[in-house]
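Report on one structure; see the data block that follows.
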Amino acid sequence: MPKGQPEPFRDSATAEIVERVRARFERAGDDDLELFPAPEDLYGVLVYAREHEGVLQKVVDRLAAIPRPSRDEEESCAAALKAVEENNLDRLRLVRRMRQLVDVVEAAVLRACFDSALKGRELGSVLGIDSRGGAALRLRRLEMAIKSGWEVRTPRLVKEREAAKAVEEGKVASGHPLVRQAALDLVGVRSAFPVIEDLDEWWNDLAEFLDGNDGTPSERASMRTHLRVVLTDLRDHAEEHGVLVTTDERALRIFEAAVAAAWSE
């Protein structure tokens, strides 16, 4: 591992949460506290907390079993129960943070796989993703999540996306003939466009959809997505290099028509 790079699942940003977890076990009289992992070892802390959660519960059970508890004992029992609840919430916070760290690692590994010319289908097989272009879509989603600070995972946005998806599916169904023709025309002049790294598979999958693999709503939606990816990458490549998308006038007209079809309402 390069010097100065943090190990996976080790994160100093959560040290305050980890310290709260450790303090609860200490107050509960945990005999194994000397085995508590280092604060930055997220995974180790989560495993420890899971294996020792009974330590906190025993305090609750002991106080709750007192026949005629005093006021202090009742308050202590309530505090012990609160400690269990707060500990579980802190464990969830650590899980969320570890998931974010895994996202960063997975995005880096996926990018390295694509850079090393591995095919998306090979990556999809490892990840358990069967859909065409699934690995590339996953990379894009991970990068989007990381860039947005994981806002895309909030329940509000999930609901908004689900509602938007339903609307989009309706649009896809009504606009599919136009999208299909645009994709067919674009694939027909593929050679007029520059070769772009990582885009070949999107081109190939788009051609596969056109070969009678666009019968279901999900396939039609995926075809539109593939068309948009191809068009976007071609446009971004042209802007980055300060050139036209293509110097072929016919291909340029087809490109512009495809853009209009791919994003038609």
Taking side chain as C-beta onward, heavy atoms only, is [X] less than 4.5 Å from [Y]?
{"X": "D248", "Y": "V189", "answer": "no"}
{"X": "E53", "Y": "Q57", "answer": "no"}
{"X": "S76", "Y": "R62", "answer": "no"}
{"X": "D30", "Y": "F36", "answer": "no"}

Considering non-hydrogen atoms only, spot the tightest contact between [X] and [Y] and give its length.
{"X": "A182", "Y": "A261", "answer": "CB-CB, 3.7 Å"}
{"X": "A107", "Y": "I146", "answer": "CB-CD1, 3.9 Å"}
{"X": "D115", "Y": "D198", "answer": "OD1-OD2, 4.4 Å"}
{"X": "S222", "Y": "F209", "answer": "OG-CZ, 3.3 Å"}
{"X": "V187", "Y": "A207", "answer": "CG1-CB, 4.3 Å"}
{"X": "D41", "Y": "G44", "answer": "OD1-N, 3.1 Å"}

What is the distance from atom [atom1] of [X] to atom [atom2] of [Y], rounded to the nearest 0.5 Å?
{"X": "D32", "Y": "E34", "atom1": "CG", "atom2": "CD", "value": "7.5 Å"}
{"X": "E249", "Y": "R253", "atom1": "CD", "atom2": "CZ", "value": "6.5 Å"}
{"X": "D211", "Y": "D205", "atom1": "CG", "atom2": "CG", "value": "12.0 Å"}
{"X": "L186", "Y": "L206", "atom1": "CG", "atom2": "CG", "value": "7.0 Å"}
{"X": "N87", "Y": "H52", "atom1": "CG", "atom2": "NE2", "value": "12.5 Å"}
{"X": "H237", "Y": "F193", "atom1": "NE2", "atom2": "CZ", "value": "12.5 Å"}

I'd like to know if [X] pairs up with [Y] as an ion pair, taking the criterion as any Lys NZ or Arg NE/NH1/NH2 lying under 4.0 Å from an Asp or Glu carboxylate oxygen.
{"X": "E75", "Y": "R71", "answer": "yes"}
{"X": "R121", "Y": "E208", "answer": "yes"}
{"X": "K58", "Y": "D61", "answer": "no"}
{"X": "K119", "Y": "D200", "answer": "no"}
{"X": "R111", "Y": "E143", "answer": "yes"}

Aromatic plane relationship, Y48 with F25 - under 30° parallel, 30 to 60° tilted, over 60° perpendicular: perpendicular
Parallel, tilted or perpendicular: ring planes of H226 versus W202, cut at 30 and 60 degrees: tilted
Distance-only polar pair, side chains of H176 and D214, donor-acceptor under 3.5 Å: yes
Residues D185 and Q181: side-chain donor-acceptor under 3.5 angstrom: yes
Cluster link [X] to [Y], ILVMFWY, side chain under 4.5 Å:
{"X": "L92", "Y": "V18", "result": "no"}
{"X": "V229", "Y": "W263", "result": "yes"}
{"X": "L56", "Y": "L81", "result": "yes"}
{"X": "V243", "Y": "L231", "result": "no"}
{"X": "V55", "Y": "L35", "result": "yes"}

Whether over 12 other heavy atoms sit under 6.0 Å from E85 CD: yes
More than 12 heavy atoms from other groups under 6.0 Å of CZ on R250: no
Residue pair L227, M223: steps toward the side-chain contact (heavy atoms from CB on, under 4.5 Å) verdict: CA-CA 6 Å; L227 179 59; M223 173 188 280; 5.5 Å; no
N/O donor-acceptor pair under 3.5 Å between E26 side chain and R22 backbone: no
Side chain T246, main chain A251, donor-acceptor under 3.5 Å: no
Evaluation steps, side-chain contact (heavy atoms from CB on, under 4.5 Å), between R138 and L123: CA-CA 10 Å; R138 180 167 181 79; L123 308 185; over 6 Å; no
Intermediate values then yes/no, side-chain contact (heavy atoms from CB on, under 4.5 Å), R235 and V259: CA-CA 10 Å; R235 183 171 53 199; V259 169; 4.3 Å; yes
side-chain contact (heavy atoms from CB on, under 4.5 Å) evaluation trace for I17 with V45: CA-CA 10 Å; I17 298 174; V45 170; over 6 Å; no
